Amino acid sequence: MSTTTAGNGKAAALPTYTKKDFESGVDPRWCPGCGDFSIINQVQKLLPSVGVARENIVFISGIGCSSRFPYYMNNFGMHTLHGRAPSFASGLKLSRPELQVWVITGDGDALAIGGNHFIHTMRRNMDLKVIMFNNRIYGLTKGQVSPTSVLGQKTKTTPYGSADYPFNPPALAIGAGATFVARSVDLEGAHMGAVLKQAADHRGSTYVEVYQNCPVFNDGAYTFMTEKAVKADAQLRMEDGKPLLFGKDNKKGIRFNAQSAELEVVTVGENGVTEKDILVHNPRREDPTIAFMLANLSTRAGFPTPIGVFRNVEQPTCDDLNWQQINATKQKKGDVPLRKFLLGNDTWEVK
Amino acid sequence: MSSQTTTGKTRPVEQVDSVTIRFVGDSGDGMQLTGTEFTKASALAGNDLATFPDFPAEIRAPAGSLAGVSGYQVHFGGKTVHTPGDMPDVLVAMNPAALKTNLHDLRAGGMLIVNTGAFIDSNLEKAGYKSNPLDDDALKKNYKVVQVDMNKLTEIALSGMGLSSKEVARSKNYFALGMLYWLYNRPIEPQIESIRAKFAKKPQFAEPNIKVFQAGHAFGETSELFLSQYRVPAAKLKPGTYRNITGNGATALGIAAVAKLSGRQCFLGSYPITPATEILQDASYYKEMNVVTYQAEDEIAGIGSAIGASFGGAIAWTTTSGPGLALKSEMSGLAVIMELPLVIVNVQRGGPSTGMPTKTEQADLLFTLFGRHGEAPLPVIAARSPGDCFYAAIEAARVAVKWMTPVVLLTDGYLGFGSEPFRVPEDGELAPIQVKYQTKPNYEGDKYMPYLRDEKLIRPWAVPGTAGLEHRVGGLEKDSLSGMVSYDGMNHEKMVKTRAQKVANVIEDVPDAVVDGAQSGDMLLVSWGGTYGSVKGAAERLVEQGKKVGHVHLRWINPLPKNLGAVLKNFKKVMVPEVNDGQLAFYLRAKFPGVDPLQFNRINGKALKISELTAKVLELLG
């Protein structure tokens, strides 16, 4: 086994895995009805198809309800410190680039105490896959305001309503330079599975936000876009190469207004609007501006909440660039004997 | 001590045991270069030596200002040199600010070489002199003052060479160097070669600098300002190939050596902080030696990345100084509970808080031993000299890997920036480092229990990529076998005791304390870390004076050597000299009830002075 050299790590022939191979056998201790169950279910369903040996997949988490995740996966895993999971993952990935490394985190973990690690992980384009469970509340400490709690939200530490503005996580990730940014919802299993598959396939800093309901401390946080009655009008399903249409009969759409340089909601068939006027989704644009505008729709009144992949671009990864330097230096200098190395180039003899 | 002989020349040659020279000037005057070049010449002459640079925290303070003074001290001799020297015998001052900030350190009767060309009104004013101090008769009475207009002499040497006045001014440090080469009888050819090599890419500057250097040398010989030349005999050093090395440079080489000796990757996750930064910088070049470096976004991510790499099977390191160690505190506790190997290097500086970043201190000892929440013991080793940082780094890694534990290596700014000759180890002198990964199930046939220990209480190290050994580690208390989360109080107590016992077991790798000088008697001096040289030097002087004084130096602070208790009791008095307010003394009182060490503490940002310590001991011995 080669453990400290670069390589793609893919074994010649992988065993045929099933979902069960990725279950550690420890029963998850999440509250009944927690959105976390749905997420782990999708991840365990996904892994048999990612083409990486089970022993080469690592899950690393911080602190919080979501961060118990690695204990339930039958992979190598680390349950670390609050907010710090990306730092462990970065070191491991740089040291062992052949591993597939996932970071499991929550809104408080990633964006409050771990905010600094989060933005730097995104900008470096280290090949890490970050899934952030966003329940807009501190669950493990039983109900305090989080950096994604909405303005005015009443929590145990904001009894009169939160007075500070939340992060828009995908916008933050795009702004920080992530090369893959997506959002899905705990209740939308199939959608989440498809998004996670793309995340698994992407190489580079990968960020997936999952809207996750906390039935105990913030129940119903996402009913505004998950309830059957409102879902069609409240969700914008972004699909690569397709026009950004939504609504019950798929007649509403997002148009880029070239005059105001803004996105606007229009209805196909009204005021002379045709489908050709609707913005066609393209997450592969090098310029992140449109992705950023789409990410920001979720906080604007009158707009649907986009789900799917905002951004998916290829750039050389931090780990690849590092190992190119390492391998080039090794090749150039060859195997240097220790004594020769220690001598340096300025010595004298004592007899 | 000196003896005079005369050569065929007009000037007598004095033989001296050792000399301390301090070069001081403006940050832009090239004093670090002058100092290192003269150091090299002394090394080639076979002297033992130690050096210490002294530079301001500000990168470029205003030219000519007191804050902008940069210095370099070298102590060289014909016997073992323990420190860069208490007080300079020779002070080379390139401007008034340098004179003002350093004159008080010059030994009474010492030689003062000044560049009079810089003693102009504007510079005198910047240095806060109301009148020219060189006109002061007291100065000439207290010191051997040698006044040389290096500005002008350099200008004359370079006239007609078509250099700008700025370029001319930048060469004057070579004039000073040339004079000192003459003064100390150094052959000039190696220096000329060195200048050629230095300017290999800009040969147009090689000749002018050589010319200035030669002019300085010739000036020393002909000007008759110097009453004699000096000769410092060669020291008896262990035969071998030597290089000059700083403590930080040695630590970085140690990291690369560990990679080579173990055949494993060394991973250094770090964040820049004075005075530790050079370790990360140097190590960043060592890619061919299988060293992977990562400059993280902060101190916490620095150690976090190292722990992540350690989980992956690398020999992991993080380097920092006091404020960074504070930030890494929670992470080091995690490494303790996960039981993953890691070396945390703390190059101590003056604290608390930002304190004195470029000045040395030993005040992180108790924080290193106890500065984690919960019961979180870890082994602590301290390097004793710049070159020893290399060996201490290797030893720290050896223990970390063998015992599956984080280890703290303490050095300090004095060691990190200081330098000394380093004998490069021959092939085979350094033992290989055994790294054993678990590759097979270890329990009931097909199961893997990550916390199933061997007889020494060491747990196995199974790394990602090992099929069948998939497991989880974390910061929650874990079941003593499976490593799964456990909130059972009795299990927790067992784990706390087990982790502590494991670290206590490291004592099998801690050599017994060795006493130098008297083996029993009136006073035992106990040193640790960077004060080794000063305390050793003081102990030698005291023994030479017939005092019954012993010296024991502690390399491992946790665990302490087995025989230390017995050693302490062999002396009537125990004294602990430290560059802090008495931390090892406090620790020894707790560890050895009944032993109440005397203290000798200086917290002035500098190494202990041998003379001060010697005087204090003499006073106490009565």
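None of the values given here were measured: they were computed from a predicted structure.
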[X] portion near chain A, given a 4.5 angstrom heavy-atom threshold:
| X | answer |
| --- | --- |
| B:Leu430 | side chain |
| B:Glu429 | neither |
| B:Met331 | both |

Select one option (side chain, backbone, both, neither) describing which atoms of [X] are under 4.5 Å from chain B's heavy atoms.
| X | answer |
| --- | --- |
| A:Gln331 | neither |
| A:Asn74 | both |
| A:Lys351 | backbone |
| A:His117 | both |
| A:Val26 | side chain |
| A:Arg29 | side chain |
| A:Val336 | both |

Main chain of [Y], side chain of [X]: is a donor-acceptor contact present, judged purely on distance under 3.5 Å?
| X | Y | value |
| --- | --- | --- |
| A:Arg84 | B:Ser305 | no |
| A:Arg339 | B:Pro425 | yes |
| A:Arg54 | B:Gly468 | no |
| A:Trp348 | B:Ala43 | yes |

Minimal non-hydrogen separation, [X] against [Y], with atom names:
| X | Y | value |
| --- | --- | --- |
| A:Ser95 | B:Ala309 | CB-CB, 3.8 Å |
| B:Phe267 | A:Leu94 | CE1-CD2, 3.9 Å |
| A:Trp323 | B:Val292 | CZ2-CG2, 4.1 Å |
| B:Val463 | A:Phe76 | O-CZ, 3.3 Å |
| B:Met338 | A:Thr80 | CE-CG2, 4.3 Å |
| A:Thr329 | B:Glu288 | CG2-OE1, 3.7 Å |

Assess, by modelled atom type and distance only, whether the side chains of [X] and [Y] contain a donor and an acceptor separated by less than 3.5 Å.
| X | Y | answer |
| --- | --- | --- |
| A:Glu349 | B:Thr241 | yes |
| A:Lys330 | B:Asn290 | yes |
| A:Asp346 | B:Asn244 | no |

[X] side, atom [atom1]; [Y] side, atom [atom2] - distance, nearest 0.5 Å:
| X | Y | atom1 | atom2 | value |
| --- | --- | --- | --- | --- |
| B:Thr293 | A:Gln325 | OG1 | CD | 8.5 Å |
| A:Leu92 | B:Phe311 | CG | CZ | 7.5 Å |
| A:Met78 | B:Ser310 | CE | OG | 7.5 Å |
| A:Ile113 | B:Ile300 | CD1 | CD1 | 8.0 Å |

Just so I know, are the side chains of [X] and [Y] near enough to count as touching, which here means a heavy-atom distance under 4.5 Å?
| X | Y | result |
| --- | --- | --- |
| A:Ile119 | B:Glu297 | no |
| A:His79 | B:Val485 | no |
| A:Arg96 | B:Pro464 | yes |
| B:Tyr294 | A:Met126 | yes |

Original post:
Do you know which of B:Gly474, B:Gly269, B:Gly240 has the most heavy-atom pairs with chain A at a distance under 4.5 angstrom?
Top reply: B:Gly240

**OP:** State plainly whether the residues A:Asp335 and B:Lys260 are in salt-bridge range, i.e. N to O under 4.0 Å.
**Re:** yes

**OP:** Assign the ring pair A:Phe341 / B:Tyr286 to parallel, tilted or perpendicular, where the plane angle (0 to 90°) is split at 30° and 60°.
**Re:** perpendicular

**OP:** Find the one option among A:Val101, A:Leu343, A:Ile326 whose heavy-atom pairs under 4.5 Å with chain B are most numerous.
**Re:** A:Leu343

